[in-house]
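Some notes on the structure that comes next.
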Amino acid sequence: MASSSSDHPASSSQLSLREIPGSYGLPFFGPIKDRYHYFYNQGQDEFFKSRIKKYNSTVFRTNMPPGPFISSNSKVVAVLDSKSFTILFNNDKVEKKNILDGTYMPSTSFFGGYRVCAFLDTTESNHHALKSFFLSFLASSHKKFIPYLRTSLSELFENLENEITDKKSADFNKHSDNLAFDFVFKLVTGVLPSETKLNSKGPGIITTWLALQLAPLGTAGLKYVPGFLEDIIHTVRLPFFLIKSGYKKLYNAVFDSASLLLDEAEKLGMKREEACHNLVFLTGFNAFGGMKVLFPTLIKWIGSGGESLHRRLAEEIRAVVKEEGDITFSALEKMPLTKSAVYETLRIDPPVQFQYAKAREEIVVESHDAAFQIKKGEIIFGYQPLATKDPKVFENPDDFIADRFVGEGEKLINYVYWSNARETEQPSAENKQCPAKDLVVLCCRLMLVELFLRYDTLTVDIGKFSALGTPVTITSFTKAT
């Protein structure tokens, strides 16, 4: 452990005020130049690391994609260490209005014409109402989490086994997407998608819906397509009409099936239609979108951990389940290695890489080495994979260490930021932390429990990362002996 886990080491009295380094370049051309470096010449990580080295600072000025013509203002102050990154969680000092996706906002056509909760600032009254609604729903669904997910996981592993038998390998992402959508849809509506007119189309509809919104932030990485051709998706917004009919089917399925939940929303004073579009966003973007990236990431790291890690996880999981007689919340709490492995996945490969906010007032932000003054209205940007690999907090930060958070290392959970807050904090109607934070962690832990109750080990092939997840292929399972 490289630093105290209770607080970052340096205080404001010890840090000198430094001008924020970096440049935005010429109007119009500067953002395009940075965009080409970011997507094609350097790639994400090198884009930021090279500037940290150049400016000798983890806080600097730069442009962030997409730039012209989608974004009217690409200028950001990047905060890329564990300490400065936390300014993004301070809702008294930063605003989160219309800034979920960064320097642009998708058309509200994607959300039924409404600004859904994720695009609302904490000072907007509707934010409090919607976030309270989500938190109340999750609290009331608490007893359904484990049985619903275990049913979905059982189907997942059966399908993977069958595909390996037929084809010698299995596409984990495809089956994981089906699991995630079935679980979330049933949790929200009480029925499976197959019992609605959606049938099996849900994951495909949402994937297209997500891709059309997030295309300006990613690259397809097509080997034989020149950058200037692919750059069209960073220059022109992709239109909603391409997914309009699919979104309508998704909305209608939720509207028809989640009537009890929508009744509760109306009792709280919400318009039924607006509540339903927010539920679609919660289901499709927040929940399914996150799981679409996170579940393959978890299997990537666990699968790559090798037989020694698999043996340790299997021994822990099986011993606790045998002792408890079942898989319960209390049983999961008695599995420190399993818990740590999930947090390590969220640390090293967070499902949401980017965080944005706008300064409400003139503020001073501290890195480990200096303090910086940010003006009111300036956009603050955080690239989470660097903040949670801060070498001043984590030893060997680029290595996946499954037991990093066991014992004394548990204090370091304070520096896991994936949920738009410190992991030690809890979501409320007054903050922007993911309302389903604890459910996401539970899902990952339960996936590992079911995996190692069934199998002693597994082997995986890892594909190239994209904005919608890392392709993972299961090449073998060794059944539990």
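- With a 4.5 Å cut-off on side-chain heavy atoms, Thr338 and Leu332 do not count as touching.
- Side-chain contact between Leu242 and Leu212: present, with at least one pair of heavy atoms (C-beta onward) separated by less than 4.5 Å.
- Closest heavy-atom contact between Ala341 and Ile302: CB-CD1, 4.0 Å.
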Please determine whether side-chain hydrogen bond (donor to acceptor under 3.5 Å, both in side chains) holds for the pair Ser84 and Ser367, giving the CA-CA distance in whole Å, both sets of side-chain angles, and the decisive distance to 0.1 Å.
CA-CA 5 Å; Ser84 62; Ser367 69; over 6 Å; no
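- Side-chain contact between Tyr38 and Met64: present, with at least one pair of heavy atoms (C-beta onward) separated by less than 4.5 Å.
- Counting all heavy atoms, side chain and backbone alike, Leu149 lies closest to Cys443 at CD2-CA, 3.4 Å.
- Under the 3.5 Å distance criterion, with hydrogens and angles disregarded, a donor-acceptor pair is assigned to the side chains of Tyr383 and Asp45.
- At least one cation-pi condition fails for Arg312 and Phe452: the charged atom is not both under 6.0 angstrom from the six-membered ring centre and inside a 45 degree cone around its axis.
- From Glu423, atom CD reaches atom CG of Asn414 across 10.0 Å, with rounding to the nearest 0.5 Å.
- Side-chain contact annotation: Ser340 with Asp403, donor-acceptor N/O pair under 3.5 Å absent.
- Contact annotation: the side chain of Asn178 never approaches that of Phe181 to less than 4.5 Å [non-hydrogen atoms, C-beta and beyond].
- Here the straight-line distance linking atom CD of Glu430 with atom OG1 of Thr122 works out to 8.5 Å at 0.5 Å rounding.
- Taking 4.0 Å as the cut-off between side-chain N and carboxylate O, Glu425 and Lys437 do not count as a salt-bridged pair.
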Could you walk me through whether Phe255 and Arg272 pass the side chain to side chain contact (heavy atoms under 4.5 Å, CB included) test, one step at a time?
CA-CA 9 Å; Phe255 190 88; Arg272 196 176 188 87; 3.9 Å; yes
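- Aromatic rings of Tyr148 and Phe183 (six-membered ring for Trp) have centroids beyond the 6.0 Å cut-off, not under it.
- Electrostatic pairing of Arg347 and Glu344 counts as a salt bridge here, judged by a charged N lying under 4.0 Å from a carboxylate O.
- Ile52 has its side chain out of reach of Asp81: every pair of non-hydrogen atoms, C-beta onward, lies at least 4.5 Å apart.
- Taking 4.5 Å as the limit, every side-chain heavy atom of Phe285 sits out of range of all side-chain heavy atoms of Phe110.
- The structure places CG of Leu309 at 6.5 Å from CG of Leu337, a figure rounded to the nearest 0.5 Å.
- Looking only at atom types and distance, the side chain of Lys131 has a donor-acceptor partner in the side chain of Asn431 under 3.5 Å away.
- At a cut-off of 3.5 Å, with distance as the only test, a side-chain donor of Ser154 or Arg454 sits close to an acceptor on the other residue.
- Evaluation of the ring pair (Phe, Tyr, Trp, His ring centres under 6.0 Å) test over residues 418-439, restricted to residues two or more places apart or in two chains, returns none.
- With values rounded to the nearest 0.5 angstrom, Met335 atom CE is found 10.0 Å from Leu448 atom CG.
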Could you go through the salt bridge (Lys or Arg N to Asp or Glu O under 4.0 Å) check for Glu333 and Lys339 one step at a time?
CA-CA 8 Å; Glu333 286 302 315; Lys339 181 179 178 181; 3.7 Å; yes
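- By the 4.5 Å heavy-atom criterion applied to side chains, Ser304 and Ile462 are counted as neighbours.
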Is there a side chain to side chain contact (heavy atoms under 4.5 Å, CB included) between Arg51 and Gln42 once you walk through the steps?
CA-CA 11 Å; Arg51 283 156 180 77; Gln42 294 177 306; 3.0 Å; yes
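- In this structure, His142 and Phe329 have parallel ring planes: the angle between them is below the 30° cut-off, well short of the 60° mark.
- The heavy-atom pair separating Val94 from Ile380 by the smallest distance is CG1-CD1, 4.0 Å.
- Aromatic pair Phe85/Tyr415: ring centres not closer than 6.0 Å.
- Distance CD1/Ile299 to CG/Leu294: 10.0 Å, rounded to 0.5 Å.
- No hydrogens or angles considered: a donor-acceptor pair under 3.5 Å links the side chains of Tyr417 and Ser82.
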Sequence neighbours left out, cut at 3.5 Å: what donor-acceptor pairs do the side chains of residues 159-166 make with other protein atoms?
residue: Asn159; atom: ND2; partner: Glu155; partner atom: O; Å: 3.2
residue: Glu161; atom: OE1; partner: Lys479; partner atom: NZ; Å: 3.2
residue: Glu161; atom: OE2; partner: Tyr455; partner atom: OH; Å: 2.5
residue: Asn162; atom: ND2; partner: Glu158; partner atom: O; Å: 3.2
residue: Glu163; atom: OE1; partner: Lys174; partner atom: NZ; Å: 3.3
residue: Glu163; atom: OE1; partner: His175; partner atom: NE2; Å: 2.5
residue: Glu163; atom: OE2; partner: Asp171; partner atom: N; Å: 3.1
residue: Thr165; atom: OG1; partner: Glu161; partner atom: O; Å: 3.0

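- Of all the heavy atoms in Ala129 and Met270, the pair that sits closest is O-CE, 3.2 Å.
- Salt-bridge formation is detected for the pair Glu264/Lys267: a Lys NZ or Arg NE/NH1/NH2 atom is positioned less than 4.0 Å from an Asp or Glu carboxylate oxygen.
- No more than 12 heavy atoms of other residues, nucleotides or ligands lie within 6.0 Å of CD in Glu307, so this atom counts as exposed by the packing criterion.
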Run the numbers on Leu386 and Lys49 for side chain to side chain contact (heavy atoms under 4.5 Å, CB included), then give the verdict.
CA-CA 9 Å; Leu386 290 187; Lys49 288 178 179 178; 3.9 Å; yes
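- Ring-plane geometry between His277 and Tyr251 is classed as parallel, the angle between the planes falling under 30 degrees on a 0 to 90 degree scale with a further cut at 60.
- Cation-pi geometry between Arg115 and Phe111 is not met: the NZ or CZ atom fails to fall both under 6.0 Å from the ring centre and inside 45° of the normal.
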Take Tyr114 and Thr108 through the test side chain to side chain contact (heavy atoms under 4.5 Å, CB included) and record every step on the way to the result.
CA-CA 6 Å; Tyr114 293 95; Thr108 56; over 6 Å; no
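- A donor-acceptor contact closer than 3.5 angstrom is absent between the side chains of Thr297 and Thr470.
- Here the CG-CG distance, from Asn286 to Leu100, works out to 8.0 Å after rounding to the nearest 0.5 Å.
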Go through the steps for Phe48 and Phe381 under the test ring-ring contact (aromatic ring centres under 6.0 Å, His included), then give the verdict.
CA-CA 12 Å; Phe48 298 117; Phe381 161 78; 5.5 Å; yes
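- Asn126 has its side chain within reach of Glu274: a pair of non-hydrogen atoms, C-beta onward, lies under 4.5 Å apart.
- A donor atom on one side chain and an acceptor atom on the other are not found under 3.5 Å apart for Glu410 and Tyr343.
- The nearest pair of heavy atoms linking Pro435 to Leu282 is CG-CD1, 4.4 Å.
- In this structure, Lys432 does not pair ionically with Asp121, as no charged nitrogen and carboxylate oxygen lie closer than 4.0 Å.
- The shortest heavy-atom contact between Tyr247 and Ile205 is N-CG2, 4.2 Å.
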